[in-house]
Amino acid sequence: MQAPSVGGVRLPKGKGEVIRLPRGASLTDFADKINANPASLVQVLFHLGEMVTATQSVADEVLELLGTEMNYQVQVVSPEEEDRELLDSFDISYGEDAGDEDDLEIRPPVVTVMGHVDHGKTKLLDTIRKTNVAATEAGGITQHIGAYQVATELDGDERLITFIDTPGHEAFTAMRARGAKSTDIAVIVVAADDGVMPQTVEAINHAQAADVPIVVAVNKIDKEGANPARIRQQLTEYGLVAEEYGGETMFVDVSARENINIDQLLEAILLTADAALDLRANPNMEAQGVAIEAHLDRGRGPVATVLVQRGTLRVGDSVVAGDASGRVRRMLDEHGGDVAEALPSRPVQVIGFTSVPGAGDTFLVVDEDRVARQIADRRRARERNAELAQRRKRVSLEDLDAALKETDSLNLIIKGDNSGTVEALEDTLLKIDVGDDVELRVIHRGVGGITEGDINLAIADNTIVLGFNVRAEGKATELANREGVEIRYYSVIYQAIEEIEQALKGMLKPEYEEVELGRAEVREVFRSSKVGTIAGCMVLSGEIRRNARARLIRDNVVVVDNQQISSLRRFKDDVVEVREGYECGLTLGSFNDIKIGDVIETFEMREKPRA
């Protein structure tokens, strides 16, 4: 079969083979897979209306378009598969317990507390731990993920339960989803006086998608108007049927404020875990798990809260989490005490990373520091390529002219106190929809204080710097003031979203709508050597104003549009306006082809408020 020709370029013809490419792959990567010349692929895409160089990262849909043209089936490898292939290349198996059945030991259940904002999730954990977390949260809203382990008793035996506290505000959907994925049991908190709310449903969907058992805590039963029976009834619509109704979901009526039935809730969690799950892990292997949260501490450097899922983590281990690597210098529990080793289901703060991991990154122990650095470097390069491909806007030959014109965009640099919050804030801001006229671009994000480097980047790209629970360093503030860079500080996410949305809407070009002012029928036509054709009219509706825009309609067809009422008279007097029911004489700019029976419609363009 002859090789296909696109725009005169001869290419090897595929037979429907599957070509696997990583996110953000370049045309050179594609050419290597099919033994073709990268320059020829550049030409092919040019003829298909896409301008791409051989080495730049290419969007997934462009790779698929090229594959279809050449009879190849392009599969863009998912991030999970990429990571698995990367670890396989280092002969590391992630997500599996080493050894056989005899090596597995019982581990505590990991519980995620989810539900609608202000339904009492943090207060419930607060009561369980006998500590006060809610008071430290700005606006009373949990803005990061914390993990805590508590001891309780069941049938005379002391048992441990690990709790993950996920934020309740809708902006943290991504973080809440991640919390559900790293958990064994989901506790859905519903206020007895408020009922099932949108984020309650969202939390249930996350838990069901992660295929984890659910325990429902009906909170605030001490409040006036509390109706736990109504909650049970409402939740049957979402597949959660209480045991007393013949279902499988355990409901516990609690009051976090009055410390009512907290022990029964812990008991329900353990009973659900014993009945529905096989919670065992091998503690005698190199530790693996997930980074739940991470932040930059001024005194201690990068600090990551990690949940050990299998194996035992020890001080001195070489670790990698996402694109961050390091060696465990110190481990702390939730109370700030030192921990020598962390068994499965144990959350600990790890100090010793060289950079801040992302919330939700896979975490594992490797043989030596060199391997950890190599894995981190390759993950970083892969993420950078994927990000470049995603950010690079596709420019086709047809819209090249439009692409060359300056577009309105608001550039942001986001710095925050921990990686989960920064990621959630960026995700929410990028979802703000104000149409295609204005674009929001996050050119940099990071954890820690605002530095001179951030300000220099903002100067180059005409950018606003957004600090969430962090401040600018002394020299950075001076530089920002000197160069006129705007820094905005926030501690509650609602304000950040609201103000950025208003800024975006303020950048939009005004929209105008036509408003009809009046209609007049031509009853007589006069010719004048000085002013041209004068229309003697009767105003049928509204009013006719001098200098207003007008159109002339004849037999329901617009004869001329966007003319001006250049003169307007009643009898011999010049007037500004003539209202409905009165006669007038007018001239329609330089247009003279006016006939009896024509209708003159006047209008103005008014700025339309945006929704």
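Quick caveat, the model's predicted, so the values are computed rather than measured. One-based numbering along the sequence shown.
Shortest non-hydrogen contact noted between A480 and I487 is CB-CD1, 3.7 Å. F363 approaches A291 most closely through the heavy-atom pair CB-N, 4.2 Å. Shortest non-hydrogen contact noted between A147 and I292 is CB-CD1, 3.9 Å. F468 and V492 get closest at one heavy-atom pair: CE1-C, 3.8 Å. Of all non-hydrogen atoms in V422 and G446, the two that sit nearest each other are CG2-O, 3.6 Å. The two atoms that bring L517 and A548 nearest to each other are CD1-CB, 4.0 Å, heavy atoms only.
Here Q374 contributes atom CD and R379 contributes atom CZ; the two are 13.0 Å apart, rounded to the nearest 0.5 Å. Remark: Q288 CD to L364 CG distance equals 6.0 Å, nearest 0.5 Å. For the atom pair I413 CD1 and T451 OG1, the distance stands at 8.5 Å (nearest 0.5 Å). Distance CG/L429 to CG/L466: 7.0 Å, rounded to 0.5 Å. How far CG of L86 is from CD1 of I92: 8.0 Å, rounded to the nearest 0.5 Å. Atoms CD and CD1, on Q208 and I188 in that order, are 8.5 Å from each other to the nearest 0.5 Å.
Ion pairing of D454 with K415 is present here, as a side-chain N (NZ or NE/NH1/NH2) and a carboxylate O approach within less than 4.0 Å. The residues R327 and D369 are annotated as salt-bridged, a charged nitrogen and a carboxylate oxygen being separated by less than 4.0 angstrom. Under the 4.0 Å criterion applied to side-chain N and carboxylate O atoms, D29 and K33 are not assigned as salt-bridge partners.
Side chains of I450 and E473 form no contact here, defined as non-hydrogen atoms less than 4.5 Å apart. Counting heavy atoms from C-beta on, the side chains of V306 and M331 never come closer than 4.5 Å. Residues L440 and I500 meet the side-chain proximity criterion, which asks for heavy atoms closer than 4.5 Å. Counting heavy atoms from C-beta outward, V515 and F603 have side chains that stay 4.5 Å or more apart. The shortest distance between side-chain heavy atoms of P357 and F353 falls below 4.5 Å. With a 4.5 Å cut-off on side-chain heavy atoms, L63 and Y72 do not count as touching. Between V350 and V303 there is no side-chain heavy-atom pair separated by less than 4.5 Å. Taking 4.5 Å as the limit, every side-chain heavy atom of T477 sits out of range of all side-chain heavy atoms of I455.
A donor-acceptor contact shorter than 3.5 Å is absent between the side chain of T463 and the backbone of L412. Side-chain atoms of H295 never come within 3.5 Å of backbone atoms of D417 as a donor-acceptor pair (strictly under, hydrogens ignored). Looking at S57, its side chain does come within 3.5 Å of a backbone N or O of G24 through a donor-acceptor pair. With hydrogens and angles ignored, the 3.5 Å screen pairs a side-chain donor or acceptor of T28 with a backbone N or O of A54. One N or O on the side chain of D361 and one on the backbone of G358 form a donor-acceptor pair closer than 3.5 Å. Judged purely by atom type and a 3.5 angstrom limit, Y148 has no side-chain atom pairing as donor or acceptor with the backbone of P347. Panel note: side chain R380, backbone D323; a donor-acceptor pair is recorded below 3.5 Å. Side-chain atoms of K121 come within 3.5 Å of backbone N or O of H116 as a donor-acceptor pair. Without hydrogens or angle criteria, E293 side chain to G420 main chain gives a donor-acceptor distance under 3.5 Å. D317 places no side-chain N or O within donor-acceptor distance of the main-chain N or O of L313, the cut-off being under 3.5 Å.
For the 3.5 Å distance criterion, the side chains of S491 and N469 fail to qualify, holding no donor opposite an acceptor. Donor-acceptor pairing under 3.5 Å is lacking for the side chains of S40 and Q43. With 3.5 Å as the limit, one finds no donor-acceptor pair spanning the side chains of R370 and S325.
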- Message: Applying side chain to side chain contact (heavy atoms under 4.5 Å, CB included) to I19 and I34, what does each step give before you reach the verdict?
- Response: CA-CA 8 Å; I19 304 291; I34 61 171; 3.8 Å; yes

- Mind running side chain to side chain contact (heavy atoms under 4.5 Å, CB included) on T428 and L430 for me, showing each step along the way? CA-CA 6 Å; T428 309; L430 290 175; over 6 Å; no

- For R378 and R382, what are the C-alpha separation, side-chain angles and deciding distance, and is it a side chain to side chain contact (heavy atoms under 4.5 Å, CB included)? CA-CA 6 Å; R378 284 173 62 175; R382 188 188 68 202; over 6 Å; no

- Show the numbers, then the answer: is there a side chain to side chain contact (heavy atoms under 4.5 Å, CB included) between I164 and V113? CA-CA 6 Å; I164 297 177; V113 179; over 6 Å; no

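The list of salt bridge (Lys or Arg N to Asp or Glu O under 4.0 Å) pairs with a residue in residues 475-490, not counting sequence neighbours, reads E486-R488, R488-E499.
Within a 6.0 Å sphere centred on CG of D211, other residues, nucleotides and ligands contribute 12 heavy atoms or fewer.
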